[in-house]
Amino acid sequence: MPLKILIVGAGVAGPALAILLQRADPLHHITVIERAPSLRASGLQLDFKAQGMPIMRKMGLLDAMRAHRVDETGAELVGAKGECLASYGIRGDAGTEGVNGGVTNELEIMRGDMVKVLVDASVADRRKLDESGVRGGGLKYVFGASVRGFAQKEGEGVDVTFQDGREERFDLVVGADGQNSRTRKMMFGEEVDREAFKELGSQVAYFNVPRGEGDGTLARIFFTARSRAILARNGGRPQTQVYLFSQTNMEKTKASYGKSLAEQKAVWRETFTGAGWETERFLEGMRTADDFYSHQLAQVKLPALYKGRVALLGDAGYCPSVLTGKGTTSAFIGAYVLAGELARQPSNVDAGLKAYNETMKEPVGLAQVIGGNMALPSSPLAVWFIRNGLWAVSSLRIDKLIMKLMPEQKEATGLETWPLPEYPELNLAE
Ligand SMILES: Cc1cc2nc3c(=O)[nH]c(=O)nc-3n(C[C@H](O)[C@H](O)[C@H](O)COP(=O)(O)OP(=O)(O)OC[C@H]3O[C@@H](n4cnc5c(N)ncnc54)[C@H](O)[C@@H]3O)c2cc1C
Ligand SMILES: *[C@@H]1O[C@H](CO)[C@@H](O)[C@H](O)[C@H]1NC(C)=O
């Protein structure tokens with residue numbers, strides 16, 4: 001039965017769900033709203049792991065994603081003067097299979113490229129449907145839009161009021177609005193929302209700066225005193241990605257999140273001024289960066305992923321945090337399972353949502369495992385140890401980076417053992 005569906009958030013999860021719903025039933029009416037005035041095609045490197053690749057393949061997007069692969073050859077640990085202290089995973093032939101220390105089924109691409117590939121594919125699919133004479137159904141993206149509130153009456157769908165005062169009824173609303181989801185807050189209330197948001201005690205900021213002379217295909221990592229670290233990676237692009245990690249100046253940083261970008265940047269500048277290495281250059285780049293994004297590292301753990309006809313998808317429902325490196329994969333698993341369960345019981349949306357909630361329990365649990373403690377080193381001695389002895393990574397991913405910060409840190413595995421359900425109803429490849 002074709003449904004009228006509202007997806008809140010055009011990040012990674014929202015457009016992925018739109019593609020899958022549309023494949024399952026071209027007669028669905030799908031609206032994706034995004035709060036930002038245009039696509040937020042920013043952010044840094046993301047990777048697919050475990051079920052991420054098979055889902056991409058089923059969606060027919062693997063080649064499109066591969067075309068944007070970031071060309072990183074390895075990582076090096078640098079000291080305060082930029083000197084190389086150690087290097088890892090140097091790869092001679094960039095771009096071949098077998099990057100990441102021989103693990104072939106992984107792929108890293110820039111978040112912006114990923115979001116664009118997904119949105120473009122959903123729009124292209126719709127165009128093909130229209131051209132092939134499908135009458136009914138539709139897909140539209142609306143930017144600069146958000147939900148002010150909604151009301152549900154059993155069996156009647158969801159009455160949504162948009163920020164501009166417009167009202168519309170939908171059969172299903174999906175909140176794919178990220179880690180700080182407002183949909184989640186509106187569904188469950190402030191208290192449940194606060195309880196679900198588990199702070200991990202670190203802050204992170206991401207942005208791009210103009211490429212500098214020393215920025216090659218090696219990612220460079222710098223640890224400095226007072227629990228701060230900087231990662232710069234270029235991967236053969238005209239711009240260099242900078243990540244700032246901090247466990248210092250916490251209250252001020254947290255208080256900045258609700259404020260303007262200029263105010264957020266000012267706090268990060270204060271935290272990192274004088275940190276050493278190329279910090280001043282990065283801070284200068286940050287000043288004019290138009291893609292600055294900062295947040296706290298956190299996980300979202302909810303007792304249920306839906307309430308009535310409103311469901312949560314991706315980081316909004318079960319953010320595993322950057323530390324696990326599994327946010328993107330979890331978002332794709334969620335989109336696949338939600339679309340799959342809805343398609344399996346096309347005349348019973350409520351049963352589909354219940355099955356989504358149940359099926360996600362295991363992969364979400366596996367994705368959210370963080371082994372050990374992940375304190376950034378604070379004392380000069382600890383910094384020295386990290387620089388000199390405790391590093392051995394074959395390639396650089398954020399999860400691996402953080403994992404190596406503490407010697408007892410182990411890579412959390414397990415998600416790859418979870419068998420992806422098959423949903424022939426989705427009409428995908430394979
Ligand atoms: C700008 C940006 C940069 C990021 N950079 C990185 C990165 O460098 N590395 C990394 O590991 N992860 C990054 N992330 C997070 C990463 O994209 C997610 O962890 C993961 O891919 C899951 O995606 P998601 O679609 O659930 O959430 P997100 O990718 O966060 O997408 C959520 C979308 O919802 C929109 N939105 C938020 N609130 C509302 C609202 N009230 N109404 C309508 N729309 C709303 C947001 O603007 C965003 O487009 C970034 C997220 C964003 C938004
Ligand atoms: C959702 O799933 C969890 C298990 O992950 C279960 O405890 C909960 O009761 C379910 N909620 C609903 C509303 O189905």
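Please read these numbers as outputs of a predicted model, since none were measured by experiment.
- Taking every heavy atom of both residues into account, Phe292 and Trp268 meet most closely at CZ-CD1, 3.8 Å.
- If you check the side chains of Gln203 and Thr253, you find no donor sitting under 3.5 Å from an acceptor.
- For the pair Glu34 (side chain) and Ala10 (backbone), a donor-acceptor distance under 3.5 Å is present.
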message: Let's go through Arg287 and Glu284 carefully: what are the C-alpha distance in whole Å and the side-chain angles of both, what is the deciding distance for salt bridge (Lys or Arg N to Asp or Glu O under 4.0 Å) to 0.1 Å, and is it a yes or a no?
response: CA-CA 5 Å; Arg287 207 169 52 78; Glu284 181 53 29; 2.7 Å; yes
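- The main-chain N or O of Lys259 is found under 3.5 Å from a side-chain atom of Gln264 such that the two form a donor-acceptor pair.
- Using a distance-only test at 3.5 Å, with no hydrogens or angles considered, no donor-acceptor pair links the side chain of Arg40 to the main chain of Gly11.
- The distance from the NE2 atom of His29 to the CD atom of Gln22 is 11.5 Å, given to the nearest 0.5 Å.
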- request: For the pair Leu3 and Leu21, evaluate side-chain contact (heavy atoms from CB on, under 4.5 Å) and give the outcome as yes or no after the intermediate values.
  value: CA-CA 10 Å; Leu3 300 170; Leu21 289 171; over 6 Å; no
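- Counting heavy atoms from C-beta outward, Pro320 and Val300 have side chains that stay 4.5 Å or more apart.
- Not a single donor-acceptor pair under 3.5 Å links the side chain of Asp171 to the backbone N or O of Gly157.
- The two residues Ala339 and Leu20 make their nearest non-hydrogen contact at CB-CB, 3.6 Å.
- Taking all atoms of both residues into account, the shortest heavy-atom contact from Met187 to Leu305 is CE-O, 4.4 Å.
- Remark: side-chain polar atoms of Gln296 are not paired, donor with acceptor, to backbone N or O of Glu199 under 3.5 angstrom.
- Among Leu415, Val337, Thr329, the one residue that satisfies the side chain to side chain contact (heavy atoms under 4.5 Å, CB included) test with Pro363 is Leu415.
- Atom CZ of Phe162 and atom CG of Leu6 lie 5.0 Å apart (nearest 0.5 Å).
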- prompt: How far apart are the C-alpha atoms of Ile230 and Phe272, what are their side-chain angles, what is the distance that settles it, and do they pass the side-chain contact (heavy atoms from CB on, under 4.5 Å) test?
  reply: CA-CA 9 Å; Ile230 301 177; Phe272 273 84; 3.7 Å; yes
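- The minimum heavy-atom distance between Phe332 and Ala16, with the atom names listed, is CE2-CB, 3.8 Å.
- Put simply, the side chain of Asp125 does not reach to within 4.5 Å of the side chain of Leu139, judged on heavy atoms.
- Asp350 and Arg309 are joined by a salt bridge, as a carboxylate oxygen and a charged side-chain nitrogen come within less than 4.0 angstrom of each other.
- Pairing each heavy atom of Asp177 with each of Ser181, the nearest pair is OD1-OG, 2.6 Å.
- Counting non-hydrogen atoms of neighbouring residues, nucleotides and ligands closer than 6.0 angstrom, the NZ atom of Lys254 exceeds 12 such neighbours.
- Between Tyr306 and Phe188, the closest heavy-atom pair is O-CZ, 4.2 Å.
- Leu428 places none of its side-chain heavy atoms less than 4.5 Å from the side chain of Tyr423.
- Distance check, rounded to the nearest 0.5 Å: CD1 of Ile55 to CG of Leu62 gives 12.0 Å.
- Within the model, atoms CG of Leu338 and CD1 of Ile7 stand 8.5 Å from one another, a figure rounded to the nearest 0.5 Å.
- Here Gln368 contributes atom CD and Lys198 contributes atom NZ; the two are 10.0 Å apart, rounded to the nearest 0.5 Å.
- Using modelled atom types, one finds no donor on one side chain facing an acceptor on the other under 3.5 Å when comparing Gln299 with Ser321.
- Here the OG atom belonging to Ser260 is positioned 9.5 Å from the NZ atom belonging to Lys265, to the nearest 0.5 angstrom.
- Ring centroid separation for the pair His295 and Tyr206 comes in under the 6.0 Å cut-off.
- Looking at Arg228, its side chain does come within 3.5 Å of a backbone N or O of Thr271 through a donor-acceptor pair.
- One finds no salt bridge joining Glu191 and Arg194 here, because no Lys/Arg side-chain nitrogen approaches an Asp/Glu carboxylate oxygen to under 4.0 Å.
- Under a 3.5 Å cut-off, the side chain of Lys81 and the backbone N or O of Val78 do not form any donor-acceptor pair.
- Ionic pairing of Arg220 and Asp215 is present here: one or more N-O contacts between side-chain nitrogen and carboxylate oxygen are shorter than 4.0 angstrom.
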- request: Mind running side-chain contact (heavy atoms from CB on, under 4.5 Å) on Val147 and Val173 for me, showing each step along the way?
  value: CA-CA 10 Å; Val147 170; Val173 174; 5.7 Å; no
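- No donor-acceptor pair under 3.5 Å is formed between the side chain of Arg169 and the backbone N or O of Lys4.
- Looking only at side-chain heavy atoms (C-beta outward), Tyr356 and Leu342 stay at 4.5 Å or farther from each other.
- When each of Gln163, Arg182, Arg35 is tested with Ser146 by the rule side chain to side chain donor-acceptor pair (under 3.5 Å), just one qualifies, namely Gln163.
- Under the 4.5 Å side-chain criterion, counting only non-hydrogen atoms from C-beta, His68 is not in contact with Met114.
- A donor-acceptor pair under 3.5 Å is absent between the side-chain atoms of Gln241 and the main chain of Asn234, judged by distance alone.
- You'll find the side chain of Leu46 reaches within 4.5 Å of the side chain of Val12, heavy atoms only.
- Atom NZ of Lys153 sits in a sparse spot, with 12 or fewer heavy atoms from other residues, nucleotides or ligands closer than 6.0 Å.
- Between Arg23 and Ile19, the closest side-chain pair of non-hydrogen atoms falls below 4.5 Å.
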- request: Take Glu362 and Leu366 through the test side-chain contact (heavy atoms from CB on, under 4.5 Å) and record every step on the way to the result.
  value: CA-CA 6 Å; Glu362 199 182 338; Leu366 291 169; 4.3 Å; yes
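- Residue-environment remark: CD (Glu358) exceeds the threshold of 12 foreign heavy atoms within 6.0 Å.
- Using a 4.5 Å heavy-atom cutoff, the side chains of Trp418 and Ile333 are in contact.
- Although no hydrogens or angles enter the test, the distance criterion places a donor-acceptor pair under 3.5 Å between the side chain of Gln152 and the main chain of Lys307.
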